[in-house]
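For the numbers below, each heavy atom of this structure counts, side chains included, while hydrogens, waters and symmetry mates do not.
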Amino acid sequence: ETGVTQTPRHLVMGMTNKKSLKCEQHLGHNAMYWYKQSAKKPLELMFVYNFKEQTENNSVPSRFSPECPNSSHLFLHLHTLQPEDSALYLCASSQGGDNYEQYFGPGTRLTVT
Amino acid sequence: DQQVKQNSPSLSVQEGRISILNCDYTNSMFDYFLWYKKYPAEGPTFLISISSIKDKNEDGRFTVFLNKSAKHLSLHIVPSQPGDSAVYFCAASRAQAGTALIFGKGTTLSVSS
């Protein structure tokens, strides 16, 4: 498998559930990102991990909890979400160094009921 | 306030003609700019980028122009093809590893045959 993969592609969860989104990159990159795209809004950065260390948290509520166990895997743990958290969640990776292009996965379409 | 703006939500072009997508930014600290293309149910796909030390970068049918004094960039697609129909996002960042991309809201390009 190549590129950036995300599972699941679709997720429906209740407000009291706990679920996790998974991202895996097969590009040998050193940085990984979570972005959120809500309806009618641009993509917004949530978290950045650079060499497995979290380097940016864009004022994201604590009901979203990221985890980066190694440079190839990134998780987003979800608990007690709100309906307004329904959105497309996109994972991306980048090589680092002088290469700034980010490569995106297909996203997880999350619906909170 | 949005730091990256794509003021045209949509653009329609005939096959074979030139498509010009525009983007404006407000933050003078941005020094790296990217264009992404997105099909429905897929993540954004990297198209082309430009560093602030250049004013033009070309890759096949795609050319990006940067006017730093006007804080404006544009993507030219020549010739346009029906397969180019997608949402195009402009993004900007600092040229720094593990830095967030700041996205515009996107322009939907429709190329008719």
Side-chain angles (χ1 to χ4, degrees), chain A residues 2-7 9-10 21 23-25 27 29-60 68 71 74 88-109, chain B residues 1-10 21 23-27 29-54 57 59 62 64 66 86-108:
Chain A
T2 59
V4 181
T5 58
Q6 289 186 245
T7 54
R9 294 292 309 275
H10 300 272
L21 310 185
C23 175
E24 185 173 359
Q25 58 96 2
L27 300 168
H29 289 169
N30 296 310
M32 296 188 77
Y33 312 76
W34 280 116
Y35 286 85
K36 173 183 178 182
Q37 186 175 29
S38 304
K40 311 281 188 195
K41 288 187 177 182
L43 276 79
E44 297 173 291
L45 179 77
M46 299 176 74
F47 302 103
V48 180
Y49 278 82
N50 207 4
F51 291 94
K52 300 187 295 178
E53 298 294 323
Q54 185 176 316
T55 55
E56 194 159 340
N57 175 337
N58 199 24
S59 303
V60 180
C68 187
S71 58
L74 185 65
L88 179 68
Y89 289 85
L90 288 155
C91 172
S93 69
S94 66
Q95 185 173 11
D98 292 336
N99 191 321
Y100 310 111
E101 288 89 21
Q102 294 181 19
Y103 293 84
F104 285 81
T108 296
R109 173 68 62 184
Chain B
D1 192 29
Q2 272 194 275
Q3 298 185 69
V4 177
K5 298 179 183 178
Q6 293 177 256
N7 291 318
S8 297
S10 62
L21 298 109
C23 178
D24 298 293
Y25 63 96
T26 58
N27 190 338
M29 302 295 283
F30 290 144
D31 48 16
Y32 201 77
F33 305 89
L34 308 92
W35 283 95
Y36 284 83
K37 173 181 178 180
K38 186 179 185 302
Y39 293 117
E42 294 184 13
T45 303
F46 169 71
L47 267 180
I48 192 169
S49 62
I50 188 167
S51 162
S52 60
I53 61 173
K54 295 185 175 181
N57 188 27
D59 184 2
F62 301 92
V64 56
L66 175 63
V87 180
Y88 288 79
F89 293 97
C90 168
S93 79
R94 300 288 306 279
Q96 192 174 320
T99 301
L101 295 179
I102 308 300
F103 283 85
K105 287 188 176 181
T107 297
T108 299

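Heavy-atom distances place no part of Ser51(B) under 4.5 Å from chain A, backbone and side chain included. With a threshold of 4.5 angstrom between heavy atoms, Gln6(B) does not approach chain A through any atom at all. When heavy atoms are compared at a cutoff of 4.5 Å, Arg109(A) does not approach chain B at all. For a residue to count as touching a neighbouring chain, one of its non-hydrogen atoms must lie under 4.5 Å from one of that chain's; by this rule Phe51(A) does not touch chain B. Only the side chain of Leu34(B) comes within contact range of chain A, with heavy atoms under 4.5 Å apart.
Looking at every heavy atom in both residues, Lys38(B) comes nearest to Gln37(A) through CE-OE1, 4.0 Å. Gly104(B) approaches Pro42(A) most closely through the heavy-atom pair O-CB, 3.5 Å. Closest approach of Arg9(A) to Ala41(B), counting heavy atoms only: NH2-O, 2.7 Å.
For the pair Leu43(A) and Pro44(B), the minimum side-chain heavy-atom distance is below 4.5 Å.
Going from atom CD of Gln102(A) over to atom OG of Ser49(B) covers 11.5 Å, rounded to the nearest 0.5 Å. We find the CD-CG distance between Glu42(B) and Leu90(A) to be 11.5 Å, quoted to the nearest 0.5 Å.
Here the two rings, on Phe46(B) and Phe104(A), have centers that are 6.0 Å apart or farther.
The backbone N or O of Phe103(B) sits nowhere less than 3.5 Å from a side-chain atom of Glu44(A) that would complete a donor-acceptor pair. Counting only distance, with no hydrogens or angles, the side chain of Tyr36(B) and the backbone of Tyr103(A) share no donor-acceptor pair below 3.5 Å.
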